[in-house]
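A note on names: the letters A, B, ... follow the listed sequences, proteins ahead of strands, and every chain is numbered from 1.
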Protein chains: 2
Amino acid sequence: MTTEAAVRATQGERTRAMRLRLMEATVDSLVELGWSGTTTTVVSRRAGVSRGAQLHHFPSKQALVVAAVEHLTDRRRDDMRRHADRLTGDHRIRGVLDILADQFVSPVFFAALELWVAARTDAELRESVAPLERRIGRETHAYALELLGIDETKGDNRQLVQATLDLVRGLGLAASLTDDARRRATVLDSWATVLEHELEMS
Amino acid sequence: MTTEAAVRATQGERTRAMRLRLMEATVDSLVELGWSGTTTTVVSRRAGVSRGAQLHHFPSKQALVVAAVEHLTDRRRDDMRRHADRLTGDHRIRGVLDILADQFVSPVFFAALELWVAARTDAELRESVAPLERRIGRETHAYALELLGIDETKGDNRQLVQATLDLVRGLGLAASLTDDARRRATVLDSWATVLEHELEMS
DNA sequence: ACACAAACAGTCAAGCCTGCTTGTTTGTCT
DNA sequence: AGACAAACAAGCAGGCTTGACTGTTTGTGT
């Protein structure tokens, strides 16, 4: 009641849970069915949410997808943080490359890829996705520097890290059609050697 | 007539011209409107071809798009061949990187990207696109070796070229949303230096 | 010349997607 | 306890896409 402090299913919680279910379903749908396969009807069905409720929380497909993108960034960040512990002292560079590459060969990346490509030809969508993607890029860059434990002002360090991120993005794109883990591993092995030679460690 | 050898508008020529117009319109539409924006109606209108004629030459959207992919590979090959002359003796590696990067920051790549991503979640389409893309990958790899003038059996040369191609793919993907030519140039500059150190020239 | 096939034009039906609208239930504040 | 707002359910209308169908023109072999 009014005086009862421990009321469970408050509206705020219900709202948050409902929005989360819809966003998760959107991400899953993007991964499985792609951008054009991700219709509002499909999402509502997968989330077990009525069309009315869906439209209540997200008045348009645009709103739903943008929210899902934002949600995606959290998942990406969490994923990365979670794997950062695996790093051992030696072969550190190779380990960092694996963490980064895993980020770009994952369902989360594929969902983001769908948005990325769709945003290229959808002005309204791009307006939401582009700045977000830039922010994620910066965050990932900073995180890579931190994991590698290097100073980006030294030598070509900054460019090398940028190149590394572009590389794993390219590897991720390649993996989306045919996932050749062995090829990826050998390329990363070679790249690690290059970085060991070229990076200016502190 | 039957004996007249120099008849102009033969049916074969008309067919070829019509198919070409439809495929070009498809590629253009993919670049401008993306995968889901590329409807058969849009393509026929852009090509100035009636729906009936379109369906006559390409009985389904699938057939149209697959044909357009094949056509795309020719354009990619031609593009690359055409730019190979720009190579000068010194700064050769940097020049090769530019040629490769241009391949992946071009309308042709963007059209291919749309197909690539669409094929990820469309089994039937992937069956056509995946082997084609693998072939193009091999061709590009061989061509890069030729342009660089190196022996891929030496040292890590093979992996380094692979990494280079994955890198430019990643750069191309990044350019699809926001084309930051300056950033790309500095990354390529840096990478050229790396390759000069790491490649085993013959 | 004639017959047949290919090329082409235009229209149609079925299905789907999006967003809106109406009505009901549940939560919260006074 | 009552009033009000948010949460939710379900169905509907308009627009679009795809592939098919019917009819006409153009090319080709005999």
Next on the checklist: Any side-chain N or O of S50(B) below 4.0 angstrom from OP1/OP2 of dG10(C)?
Outcome noted: no
Checklist entry - Taking only N and O in the side chain of H57(A), is any of them less than 4.0 Å away from OP1 or OP2 of dA6(D)? => result no
Item to check | No-hydrogen, no-angle side-chain donor-acceptor test under 3.5 Å, D151(B) and T153(B) | outcome: yes
Checklist entry - For the atom pair CG (L97(B)) and CG (L195(B)), what is the distance rounded to the nearest 0.5 Å? => result 6.0 Å
Checklist outcome for this item: From the candidates dG19(C), dA9(D), dA7(C), the one with an atom nearest any side-chain atom of T15(B) is dA7(C)
Checklist entry - So what does T41(B) hit on the nucleic acid, given a heavy-atom distance under 4.0 Å: a base, only sugar-phosphate, or nothing? => result base
Item to check | Whole angstrom value for the distance that separates P of dC20(C) from CD of Q54(A) | outcome: 13 Å
Checklist entry - Expressed in angstrom and rounded to an integer, what is the separation of L64(A) atom CG from dT18(C) atom P? => result 10 Å
Checklist entry - Within 45° of the axis and under 6.0 Å from the centre of the six-membered ring of F109(B), does NZ or CZ of R169(B) qualify? => result no
Checklist entry - Hey, is the side chain of R51(A) pairing donor to acceptor with the base of dG11(D) inside 3.5 Å? => result no
Next on the checklist: Using whole Å, what does the distance between atom C1' of nucleotide dT18(D) and atom CD of E124(B) come to?
Outcome noted: 14 Å
Checklist entry - What distance do E133(A) atom CD and L177(B) atom CG have between them, rounded to the nearest 0.5 Å? => result 6.5 Å
Item to check | Given dA7(C), dA7(D), dA20(D), the nucleotide with the shortest approach to the side chain of H56(B) | outcome: dA7(C)
Next on the checklist: Do L33(A) and T121(B) make a side-chain contact, defined as non-hydrogen atoms from C-beta onward lying under 4.5 Å apart?
Outcome noted: no
Checklist entry - What integer distance in Å separates K61(B):NZ from dC16(C):C1'? => result 14 Å
Checklist entry - Between dA7(C) atom C1' and F58(B) atom CZ, what is the distance in whole Å? => result 14 Å
Checklist entry - Whole Å only: how far is the CG atom of L55(A) from the P atom of dC8(D)? => result 13 Å
Next on the checklist: Taking the nucleotide of DNA chain C with the nearest heavy atom to each, does G52(B) or G52(A) sit closer to the 5' end?
Outcome noted: G52(B)
Checklist entry - Rounded to whole angstrom units, what separation is found between the CE atom of M18(A) and the C1' atom of dA9(D)? => result 10 Å
Item to check | Distance, rounded to the nearest Å, where R45(B) contributes CZ and dT11(C) contributes C1' | outcome: 16 Å
